2 protein chains.
Amino acid sequence: METTRTATQVIPILGDPVAQVATPALWNEVFRARGQDAICVPLDLPAAGLAPFLECVRQARNVPGFLSTVPHKASLASACDALSDTARLLGVVNTVRLTEGGRMVGDMFDGQGMLDAIEMTGVALAGARLAICGAGAAGGAIAIEAAKRGAREIALIDTDAARTAALAEKLAAVAALQIRTDLPGSADILVNASPAGSPGAAPPPFGAALIAGARCVAEALTDPEETELLKTARRAGIATVPGREMARCQALRMRAFLGLETTG
Amino acid sequence: METTRTATQVIPILGDPVAQVATPALWNEVFRARGQDAICVPLDLPAAGLAPFLECVRQARNVPGFLSTVPHKASLASACDALSDTARLLGVVNTVRLTEGGRMVGDMFDGQGMLDAIEMTGVALAGARLAICGAGAAGGAIAIEAAKRGAREIALIDTDAARTAALAEKLAAVAALQIRTDLPGSADILVNASPAGSPGAAPPPFGAALIAGARCVAEALTDPEETELLKTARRAGIATVPGREMARCQALRMRAFLGLETTG
């Protein structure tokens, strides 16, 4: 019998492990509040389960797409039939849409989520100078999106010189802008996209003068909710973006990509 | 990384279609009321998706098992590594448990659910005479379970003579009891396990005298909630089992089988 997504829309989130992921609780709260017949479901799946998972969700009629967290972001990018520019440049996806024809389209929304949140503080990206701590997937996505939105200078700060250089090279291909891999003397926007400042780890190496001279300080960490970086910025009267605000903006982008925001 | 079911327990229910299935809403209400970290998720899956689905859930660490409805009950019985007596005799399963080693154990709980509900009205099965309308999977499971619980006589009523005879043969192998395939003059327990009485269909062929002489009248249909059969029995002062009560009892058996009633 042919039916087309008549049932509850199911959005799996894949991880190994997955118990730490807050997305199902947050998304299901939104769906419940809206009366939307959709559900986000965590799947604790080792790498060996990816291929059958993909084959299964391609066949299922009520799975518009799925989300992914560690360690599957790169494998899933390889498995996609099409990728956004950012996902292709970084080689990772955190959201995959399944098209009617069974194709998989992957994207990576950390950058859009963070920059949407920054712009909501009233700080424009066009012509801005950013310093981003962390040259991993999240930092990379943020840097690429900042370049697309007209940033004038981006400083990439990471203890891993090789991956910093690799990201700088990718970034140079996106737009014409100043790219540096050392701490600048001043910047308009400071972003932490690294584990620095998480429990047991020192905060990112943004000094007091750098913070005091910024217009916006943004944090990707959600644990703790209030990092030292955010506290310092707030004491200095600087606009801040906490990790949960980036996550909220990113979730909106992800759900729109999966066709789950059409009911407004 | 090795984790063992640290995440939400996910129980898929497979169907094609699946939008009509009430199980996810009913189960999730129970889980929510208990504060149990488990979720039942409908999956609208054509037959081509069964093999990858099975491989995926064998790999996943937070799927204790799954449920199945039309048209997958027979295919899944074939795919199981072990079956209950009832599931093996009937060749169908509606619940599959995944063991730690990745084995699939299938069972069919319509019979236990219905007979649990009948016994809760105070009517004993030992020595009872039953008339069951419907010799399909549900009727078969109910007949087999009644035989196991000591029924003395079972009359199987179905318009399909061949499948009625086939079920009578299977039933004879379960226990020594009287089996007939015509309407008896009297019976202790009347069961409708057929579509008779659903919207647009005539009620089962249980006459007024048969109903008035019974001690319990049970209905498997849940739509409508109040069938003509139930109304007639209630007017005659006979104990009744509505379809939703059978469904409730069956759900308890299914969840226990999947290890979800241990926190009870």
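Model, not experiment: these values are computed from the prediction. Residue numbers begin at 1 in each chain, while the letters A, B, ... track the order of the sequences.
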Does CD belonging to A:Glu29 count more than 12 external heavy atoms closer than 6.0 Å?
no
Donor-acceptor pair, side chain of B:Asn62 and main chain of A:Asp44, under 3.5 angstrom:
yes
Please round to the nearest 0.5 Å and tell me the distance separating atom SG of A:Cys56 and atom CG of B:Leu50.
8.5 Å
Could you give the distance from CZ (B:Arg61) to CG (A:Asp16), rounded to the nearest 0.5 Å?
4.0 Å
side-chain contact (heavy atoms from CB on, under 4.5 Å) evaluation trace for B:Gln59 with A:Leu45
CA-CA 6 Å; B:Gln59 295 284 344; A:Leu45 197 69; 4.1 Å; yes
Heavy atoms only, distances under 4.5 angstrom: which of A:Ile39, A:Val10, A:Leu43, A:Val57 has the most pairs with chain B? Name it, please.
A:Leu43
